[in-house]
Protein chains: 2
Amino acid sequence: MSETSTPARGRPPRLDRERTLRTALDLLRQSGLDALTMRRLAEALDVKAGALYRYFATKQDLLTAMAERMMAGVADATAAADDGDWSGQLRTLARALRAALLAHRDGARVFAGTHATGPHTLGIADTLVGVLRGAGFSDEEAARTLFTVANFTVGHTLEEQAALEPADGGADVPALLTEAVAAGTYPHLQAGLSTLSSTDFTALFEFGLGLLVDGLRARR
Amino acid sequence: MSETSTPARGRPPRLDRERTLRTALDLLRQSGLDALTMRRLAEALDVKAGALYRYFATKQDLLTAMAERMMAGVADATAAADDGDWSGQLRTLARALRAALLAHRDGARVFAGTHATGPHTLGIADTLVGVLRGAGFSDEEAARTLFTVANFTVGHTLEEQAALEPADGGADVPALLTEAVAAGTYPHLQAGLSTLSSTDFTALFEFGLGLLVDGLRARR
DNA sequence: ACCTGAACACCGTTCAAGT
DNA sequence: ACCTGAACACCGTTCAAGT
């Protein structure tokens, strides 16, 4: 009885899902999604690329596991908060989801590109639906709200992280927008220019979240 | 004076942005974004891949032009509609945006992965902001609503089109969800299961859009 | 049992050279 | 001026063979 229950015949593995996952998330944080290749990940693990396929059937599988792992902190952050009624709890949940995506470089792109169905992801979903059912919303309204809040949050954070990246293509969006608007063609965009080129994504997220919550309140 | 104003010295080009763009959108419709490679596009145009770079600096450039082209029909579809007050016009705009993304395979993925700032895209944005300003919302509220509606719509359609794709990885999401929920671990998801595994994305979109509109109404 | 070596079938992009 | 040929520096994935 040296350490584990299974006999462990042959050499002990140098690799496992856990170490691979941690290294992949580190590499993501350092280099971004486009630089996260199976070959570079293997190199960081001091192994050849082919070896990764013993633990993850495809790269997509690995990305799904990464997305699920990103959701790990959300439940705790939510439980810790003291947030009153259903609307406060819903806000807390949505903010924690955005924060979890923002906590990893390209987090929203990874999450949007996969379909995580692990315990963390399902736990968050269950909690959110539970908050709404507890507040008297129907099962159908609660389920639809889950999707609406998730889709809005992911859509928002996708934009937010895209705006944060260097945008190596050249001119950034605000600059292009300012230029196009200056020509006088888009009067309404011109009026909202200061907000449109603002980088206060938190205020923007809170605005959208506020609309959803008020819309829900009107339905009770 | 044979045909155009410019002298056209040398052979007439076999390629141009317009034909390349049309062929690229055709290829997208037939094969999806993952199969849209510069090499395959070149083959469809009966040319070698290197030739494409005379018209588009990078693949990202081509994708941005495709995203802009997808927005072409939105303004017309919006103008044709007879939709009453600001809330009806806002709904029409959001529905037309979703329809434009759905009209092309992987449309939302293409749109989300680029930052189109062409006249169609800016025209839609200007119209939406104009509707809200005309209804008495502040410039800031109008601009923030633009982002909220766009982010929600793109986030929703990303999910919708992902659910429509074959999902070659194996079991589909509803199946996985049903299985996980059956274990009894997620009581609230279990209650909403019929809605959660429903494929009525139009109803889902309308629910979210309705929340946003009602939220806006509460702000006037 | 676990990993390497080596290959297969691709990618986006560049650029000298041809026409 | 426009396109080809050929290369550069990569990809994800598979699988016989080694240890």
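To find a chain, count down the sequence lines: A is the first, B the second, and so on, and within it residues start at 1.
- Ranked by how close their nearest DNA chain C nucleotide is to the 5' end, B:T37 and A:A49 are led by A:A49.
- In this structure, A:K48 atom NZ and D:dG12 atom C1' are separated by 16 Å, rounded to whole Å.
- The interatomic distance linking A:R54 (CZ) with C:dA1 (P) rounds to 9 Å, in whole Å.
- Taking atom CG of A:L41 as the reference point, atom P of C:dC3 lies 13 Å away to the nearest angstrom.
- C:dC2 is paired with D:dG18 under the criterion used here, namely a Watson-Crick or G-U wobble arrangement in which both key atom distances are under 3.5 Å.
- Between A:H156 and A:F201, the angle of the ring planes goes over 60°, which puts this pair in the perpendicular group of the 30/60° scheme.
- Pair assignment for D:dC11 gives none, since no Watson-Crick or G-U wobble pairing has each distance under 3.5 Å.
- As rounded to whole Å, 11 Å separates atom C1' of D:dA9 from atom CZ of A:R39.
- Between the CG atom of A:L62 and the C1' atom of D:dT13 there is a distance of 14 Å, rounded to whole Å.
- Other residues, nucleotides and ligands contribute more than 12 heavy atoms inside 6.0 Å of the CD atom of B:E18.
- Between the P atoms of D:dC10 and C:dA9, the separation comes to 22 Å (whole Å).
- Across C:dT13, D:dT4, D:dC11, the shortest atom-to-atom separation from the side chain of B:A51 is found for D:dT4.
- Of the two residues contacting DNA chain D, namely A:A35 and A:G50, the nearest-nucleotide position lying further toward the 5' end is that of A:A35.
- Of all nucleotides listed (C:dG12, D:dC3, C:dC3), C:dC3 comes nearest to the side chain of A:V47.
- In this structure, the CG atom of A:D61 is 13 Å from the C1' atom of D:dT13, given to the nearest Å.
- The residue from A:L27, A:D34, A:L28, A:L33 that alone fulfils the side chain to side chain contact (heavy atoms under 4.5 Å, CB included) condition with A:S31 is A:L27.
- The NZ-P distance, from B:K59 to C:dT13, rounds to 8 Å in whole Å.
- Regarding A:Y55, its OH atom lies at a distance of 17 Å from the P atom of D:dT13, rounded to whole Å.
- At C:dT4, one or more side-chain N or O atoms of A:R14 fall inside 4.0 Å of OP1 or OP2 (strictly under the cut-off).
- Ion pairing between B:E206 and B:R95 holds under the 4.0 Å rule for side-chain N and carboxylate O.
- Side-chain atoms of B:T202 and B:R98 form a donor-acceptor pair, as typed in the model, at a separation below 3.5 Å.
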